[in-house]
Amino acid sequence: KAVSIINTDAGPKPEAAKADLVVVDPHGTVKARLQKRGIEFTEAASVDQLPPEPKVLVLGKDAVPEEKSTDPMWYGMAARGTRLLVLDQKSPLHYQAIPADLDLTDFAGRVAFSEDLNHPVFAGLEQKDFFTWSKDHIVYRNCYKKASKGARSLVQCDLQLNYSALAECQAGEGTMLLCQLVVGEKLDSDPVAQRLFDNLLAYAASYQPVRKATAVAL
């Protein structure tokens, strides 16, 4: 049986100053991972105490209270240039909080599939790495129903693969990475979660909006 050997220290590190990387992490797994890798960051005690316009904002497991999960502030932050990495939430961002029609579910599962292994967030990972993670084998919880607009699904799952456990929403100058894979929950133990987190954070820190030259003839 083919197995993966993942060097958990080989992932990329974000190019961001301490003041530019803000973390809200009630469970402490994100802070522990960053400290272990020597990555400086600024901690915010809650989503109500965020500094103005952070360059990169990481919301750790269950950092978003239910009453804030539909707040348009998140969409506004991304539109103005913040790169948001939102890890597994009991109350995922939805409705006015995001620029996409991602619907919520309470689905959980043990198998998921990358939709584009060439995307930078999957560097060093393979398709088989999204099968039965450590401890309870759970890979995702509370995944989204795939959007018809406004979001690109990066990891698909569940019934007929019509659901997304990781989606990216580009918004104005910034982006939103909405991750319902149990990365925050298992960041202290699972090598796939660790490598995926490192990749997601580095991608968010280096993100630049795509701009294409356009010609119009009237």
Side-chain heavy atoms of [X] within contact of [Y], under 4.5 Å:
| X | Y | answer |
| --- | --- | --- |
| Phe131 | His137 | no |
| Leu85 | Val56 | no |
| Tyr144 | Asp103 | no |
| Val192 | Phe197 | no |

Can you find a side-chain donor-acceptor pair between [X] and [Y] that sits under 3.5 Å?
| X | Y | value |
| --- | --- | --- |
| Ser153 | Glu115 | yes |
| Glu168 | Tyr207 | no |
| Tyr140 | Asp88 | no |

Backbone N or O of [Y] within a donor-acceptor pair of the [X] side chain at under 3.5 Å?
| X | Y | answer |
| --- | --- | --- |
| Lys55 | Arg83 | no |
| Lys61 | Thr29 | no |
| Ser4 | Ile6 | no |

Check against salt bridge (Lys or Arg N to Asp or Glu O under 4.0 Å), Asp116 and Arg152: CA-CA 11 Å; Asp116 180 9; Arg152 175 188 178 188; 2.9 Å; yes
In short, Leu21 meets Leu34 closest at the heavy-atom pair CD2-CD1, 4.4 Å
Considering all heavy atoms of both residues, which atom of Leu200 and which atom of Cys179 are nearest to each other, and what is their separation? CD1-SG, 4.4 Å
Glu67, CD atom: more than 12 neighbouring heavy atoms under 6.0 Å: yes
Should the heavy atoms of other residues, nucleotides or ligands under 6.0 Å from NZ of Lys128 be counted, would the total exceed 12? yes
Under a single-linkage definition using a 4.5 Å side-chain heavy-atom cutoff for Ile, Leu, Val, Met, Phe, Trp and Tyr, are Leu102 and Leu84 assigned to the same hydrophobic cluster? yes
Verify same cluster id: Leu154, Leu117 (apolar side-chain graph, 4.5 Å): yes
Which word best sums up how the rings of Phe122 and His119 line up, parallel for under 30°, tilted for 30 to 60°, or perpendicular for over 60°? perpendicular
Rounded to the nearest 0.5 Å, how far does CD1 of Ile138 lie from CG of Asp190? 12.5 Å
Spacing of Met77 atom CE and Glu173 atom CD [to the nearest 0.5 Å]: 15.0 Å
Can the ring centres of Phe107 and Tyr163 be said to be less than 6.0 Å apart? yes
Run the salt bridge (Lys or Arg N to Asp or Glu O under 4.0 Å) check on Arg141 and Asp136 step by step: do they pass? CA-CA 12 Å; Arg141 287 192 177 92; Asp136 57 5; 3.1 Å; yes
